[in-house]
Amino acid sequence: MSGWQEYISSLMRDGLCCDAAVISLAHQQLLAAHPGGVLANMTQLEIQALLGRNRHTLLTKGATLGGLRCLVIRDNLYTDTHNYTMDLRTKQQEENSDTCTYAITVALANPVCLILVGQKGIQGGTLNLKAFKMVRYIKDSMHQ
């Protein structure tokens with residue numbers, strides 16, 4: 001893990017996120033993650049499925065991140081809208097369970113991909129805004 005861990009600390013600082021990760025787009029591997037978080041357990045296969053160009057399977061069967069099953073809500077990761085984000089929601093782990101589900105935002109910030117998991121009650125729009133700000137910061141720092 002490199003200097004990307006500082007980005008994770010920054011993402012976690014305000015308490016909106018309960019987990020975060022940075023993934024290399026070129027190597028499709030985990031560069032940094034929140035210690036003890038689910039995303040720290042992401043496998044190479046999970047990362048490849050999330051970032052792969054075959055979106056059909058992802059949209060119909062969902063995604064798995066660190067063993068946590070998720071539904072795809074909106075996928076603009078590779079669209080022409082210059083949005084480059086994906087919204088997911090964790091699946092309830094048991095039928096008729098009162099367990100909370102969590103919003104997840106995935107955002108591309110070449111050369112990396114950010115994954116943010118919101119705290120209980122944090123909506124996807126709030127995570128998107130946070131991700132957009134960090135993406136802008138990463139892009140600006142890469143072009144200096």
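Side-chain contact between Leu16 and Lys130 is present, with heavy atoms from C-beta onward closer than 4.5 Å. Contact annotation: the side chain of Arg89 never approaches that of Tyr102 to less than 4.5 Å [non-hydrogen atoms, C-beta and beyond]. In this structure the side chain of Cys113 reaches within 4.5 angstrom of the side chain of Val106, judged on heavy atoms. With contacts defined as side-chain heavy-atom distances shorter than 4.5 Å, the pair His34/Leu39 does not qualify. Residues Leu65 and Ile104 are in side-chain contact: their nearest non-hydrogen atoms beyond the backbone lie under 4.5 Å apart.
Within the 3.5 Å criterion, the main-chain N or O of Gln28 finds a donor-acceptor partner in the side chain of Gln44. Side-chain N or O atoms of Gln5 include none that pairs as donor or acceptor with a backbone N or O of Ala32 at under 3.5 Å. The closest donor-acceptor contact from the side chain of Thr126 to the backbone of Ile122 lies at 3.5 Å or more, if one exists at all. Judged by distance alone, with hydrogens and angles left aside, the side-chain atoms of Thr64 form no donor-acceptor pair with the main-chain N or O of Gly67 at under 3.5 Å.
Ser10 meets the side-chain hydrogen bond (donor to acceptor under 3.5 Å, both in side chains) test with no other residue; sequence neighbours excluded. Remark: Tyr84 pairs with His82 by the ring-ring contact (aromatic ring centres under 6.0 Å, His included) rule, at least two apart or across chains. Not counting sequence neighbours, the partners of Tyr7 by the ring-ring contact (aromatic ring centres under 6.0 Å, His included) test are Trp4. In this view, Thr79 and Thr81 satisfy the side-chain hydrogen bond (donor to acceptor under 3.5 Å, both in side chains) rule, not counting sequence neighbours. In this structure Arg55 satisfies the salt bridge (Lys or Arg N to Asp or Glu O under 4.0 Å) test together with Asp75, sequence neighbours excluded. Applying the salt bridge (Lys or Arg N to Asp or Glu O under 4.0 Å) criterion to Arg74, with sequence neighbours excluded, gives Asp87.
Closest heavy-atom contact between Cys18 and Gly118: SG-O, 3.4 Å. A pairwise comparison of heavy atoms in Met12 and Cys17 identifies CE-O, 3.4 Å as the closest pair. Smallest separation of non-hydrogen atoms from Ala103 and Gly124: CB-N, 3.8 Å. Of all heavy-atom pairs spanning Ala63 and Leu58, the tightest one is CB-CD1, 3.5 Å. Nearest heavy atoms, Ala131 versus Leu114: O-CD1, 4.3 Å. Closest approach of Met42 to Gly66, counting heavy atoms only: CG-N, 3.5 Å.
In this structure, the separation between CD on Gln123 and CG on Asn128 is 11.5 Å, given to the nearest 0.5 Å. Here the CG atom belonging to Leu68 is positioned 5.5 Å from the OG1 atom belonging to Thr90, to the nearest 0.5 angstrom. Once rounded to the nearest 0.5 Å, the distance linking NZ of Lys61 with CZ of Arg69 reads 11.5 Å.
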Item checked: Asn76 vs Met86, side-chain contact (heavy atoms from CB on, under 4.5 Å): CA-CA, chis, key distance, verdict -> CA-CA 6 Å; Asn76 287 332; Met86 177 191 301; over 6 Å; no
Check: What's the verdict on side-chain contact (heavy atoms from CB on, under 4.5 Å) for Leu25 and Asn110, showing C-alpha distance, side-chain angles and the deciding distance?
Finding: CA-CA 7 Å; Leu25 289 174; Asn110 204 12; 3.7 Å; yes
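The only option from Ile138, Ile115, Ile8 that meets the side-chain contact (heavy atoms from CB on, under 4.5 Å) definition with Val22 turns out to be Ile8. None of Thr85, Leu116, Leu11 except one satisfies the side-chain contact (heavy atoms from CB on, under 4.5 Å) rule with Leu127; the exception is Leu116.
In terms of hydrophobic clustering, with Ile, Leu, Val, Met, Phe, Trp and Tyr side chains grouped at heavy-atom distances under 4.5 Å, Leu129 and Val117 are assigned to different clusters. At a threshold of 4.5 Å between side-chain heavy atoms, the hydrophobic network of Ile, Leu, Val, Met, Phe, Trp and Tyr places Leu51 and Leu88 in one connected group. Note on Leu59: it clusters hydrophobically with Leu77, by side-chain heavy-atom contacts below 4.5 Å among ILVMFWY residues.
Atom OH of Tyr137 has 12 or fewer heavy atoms from other residues, nucleotides or ligands within 6.0 Å.
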